[in-house]
There are 2 protein chains.
Amino acid sequence: MKDLRNRAEEEMTIVEQHQFNGGIIETPSPRPRIQAHFHSTVSVQKLRRFNILIFIFRLVSFCFSLAAAIFMLANSRASKSPSWVDFDTFRFVAIANSIVGVYSLFQVVASLWDILRNSTLFPEIVQIWFDFGHDQAFGYMVLSANSAGTALARSLHDTDTCNDNNAFCMQSDISIALGFIGFLFLAFSALLSGFRVVCYLLKGSRFHL
Amino acid sequence: MKDLRNRAEEEMTIVEQHQFNGGIIETPSPRPRIQAHFHSTVSVQKLRRFNILIFIFRLVSFCFSLAAAIFMLANSRASKSPSWVDFDTFRFVAIANSIVGVYSLFQVVASLWDILRNSTLFPEIVQIWFDFGHDQAFGYMVLSANSAGTALARSLHDTDTCNDNNAFCMQSDISIALGFIGFLFLAFSALLSGFRVVCYLLKGSRFHL
């Protein structure tokens with residue numbers, strides 16, 4: 001016990017001595033877990049790396065979703081060519097990727113804010129549940145859209161549409177492939193934001209200062 | 001502190017007094033969290049309800065996935081009728097739903113075992129991560145399959161295939177709809193098994209005796 005306390009004193013940078021000695025069971029204050037956590041230099045570094053990883057995943061997800069949406073939305077150049085608007089499924093692909101693009105852009109800003117200011121955009125508990133919930137829901141949505149898009153693109157390849165307008169089918173394929181990569185990074189982000197939810201429940205903090 | 005301990009003493013049924021007094025910070029034993037949790041009659045009832053809920057979700061998921069797989073696998077009655085084997089996407093639907101059906105059956109057995117014997121089939125930590133990982137992965141897989149199936153079914157409706165063989169298209173539609181319901185309950189199960197992972201990390205136990 002003595003050892004533990006000594007080590008804690010060496011590592012502690014911010015938290016008051018009194019609060020840490022209190023421990024979890026000893027002080028039944030309203031939010032004892034929040035007061036009880038403390039931060040070492042090592043954990044600050046880990047945290048920084050974790051936040052940068054989230055930022056990178058969000059950024060990659062944003063880039064690919066945006067590219068997928070643009071590729072699909074711009075997929076009707078020639079007047080004789082079919083348009084993405086003619087196909088319900090391609091409309092779903094375009095809209096789902098657009099939504100994920102906008103959401104990822106928002107998350108890029110939020111995670112930049114987190115890195116630079118060490119605080120969340122919304123109140124912490126709202127932010128972590130918002131992130132996790134939307135990552136999961138939008139992940140399912142964009143996967144569903146891209147899978148449906150794949151099936152339609154495959155069946156179009158057997159029809160005259162693709163023989164007459166190969167560029168249209170090629171561009172749809174590229175859009176869907178980009179969308180899948182966007183989904184992949186959104187799913188990684190969902191894992192990390194799920195991890196943050198667990199951290200919040202464990203420590204009363206999103207693995208953060 | 002006095003109040004807290006009195007309440008704990010009233011509720012405690014199994015755990016030794018010594019271990020609880022020890023608390024989390026006071027006893028740096030190898031797995032203090034596991035020893036520190038205790039079980040009241042209320043929590044045993046809650047736990048029972050939680051396990052029964054998981055069991056029901058697994059059972060419903062099993063029924064619908066099995067029905068979806070059977071509907072798709074049996075979808076080639078007449079000799080002139082097209083078969084599900086002719087379409088890659090329908091093969092994906094049949095296989096994905098079969099896999100989820102088999103997995104859900106296994107999970108039905110596992111959760112029955114959990115309810116009746118108060119222990120997991122595999123070691124606890126393996127079981128909870130196995131459940132959560134497979135729920136997530138198979139959830140994505142079956143959603144992807146059913147979305148692709150929907151897109152193919154929709155595009156088939158515009159072709160001669162559905163005009164000549166309406167029964168084939170109808171049966172595909174039903175199979176995919178059943179698959180989506182199976183996915184829905186698998187996603188609910190994923191939420192609950194995710195909650196168990198959090199419980200395990202929080203308390204050193206899967207919300208369980």
Side-chain angles (χ1 to χ4, degrees), chain A residues 1-5 7-8 20-29 32-33 36 86-90 92-93 96 132-133 136-137 139-159 161 176 180 183-184 187 190-191 194-195 197-203, chain B residues 1-5 7-8 20-28 32-33 36 86-90 92-93 96 132-133 136-137 139-159 161 176 180 183-184 186-187 190-191 194-195 197-203:
Chain A
M1 183 61 209
K2 196 89 180 171
D3 271 11
L4 197 77
R5 198 171 293 169
R7 253 185 35 222
F20 178 67
N21 286 345
I24 288 167
I25 291 178
E26 304 276 317
T27 51
S29 61
R33 277 158 191 277
D86 304 335
F87 302 92
D88 282 352
T89 309
F90 284 164
F92 183 27
V93 172
F132 179 64
Q136 282 283 330
Y140 282 136
M141 185 187 70
V142 82
L143 175 68
S144 173
N146 287 316
S147 301
T150 310
L152 178 61
R154 282 179 66 91
S155 66
L156 278 183
H157 275 288
D158 304 331
T159 63
T161 317
I176 291 161
F180 270 118
F183 156 74
L184 204 68
L191 278 184
F195 180 70
V197 171
V198 174
C199 282
Y200 188 84
L201 293 174
L202 273 171
K203 299 183 193 168
Chain B
M1 184 60 207
K2 197 86 181 172
D3 271 11
L4 196 78
R5 197 172 293 170
R7 253 184 37 221
F20 180 65
N21 285 344
I24 289 168
I25 291 176
E26 303 277 320
T27 52
R33 277 156 192 278
D86 304 334
F87 302 93
D88 281 351
T89 309
F90 284 164
F92 183 26
V93 172
F132 179 64
Q136 283 283 329
Y140 282 136
M141 184 187 70
V142 82
L143 175 67
S144 173
N146 287 316
S147 300
T150 309
L152 178 61
R154 282 179 65 92
S155 65
L156 279 182
H157 275 289
D158 303 332
T159 62
T161 317
I176 290 160
F180 270 119
F183 156 73
L184 203 69
L186 188 64
L191 278 184
F195 180 70
V197 171
V198 174
C199 282
Y200 187 85
L201 293 174
L202 273 173
K203 300 183 193 169

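Just so it is clear: chains get the letters A, B, ... in the order the sequence lines come, proteins before strands, and each one is counted from 1. Only a predicted model underlies this, so the values are computations on that prediction, with no experimental measurement involved.
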Nearest heavy-atom pair of B/A148 and A/A151: which atoms, and what distance?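 Scanning both residues completely, I find the closest heavy atoms to be O-CB, 3.0 Å.
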A/S155 versus chain B, the contacting section by heavy-atom distance below 4.5 Å: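 Just its side chain gets close to chain B.
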Need one label for B/T89: side chain, backbone, both or neither, based on atoms under 4.5 Å from any heavy atom in chain A.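 Interface part for B/T89: side chain.
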Can you say whether B/F183 sits under 4.5 Å from chain A via the side chain, the backbone, both, or neither, judging by heavy atoms?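 The side chain, not the backbone.
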Between B/A145, B/G139, B/S144, which residue shows the highest count of heavy-atom pairs closer than 4.5 Å to chain A?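 Sorted descending by pairs with chain A, the first entry is B/S144.
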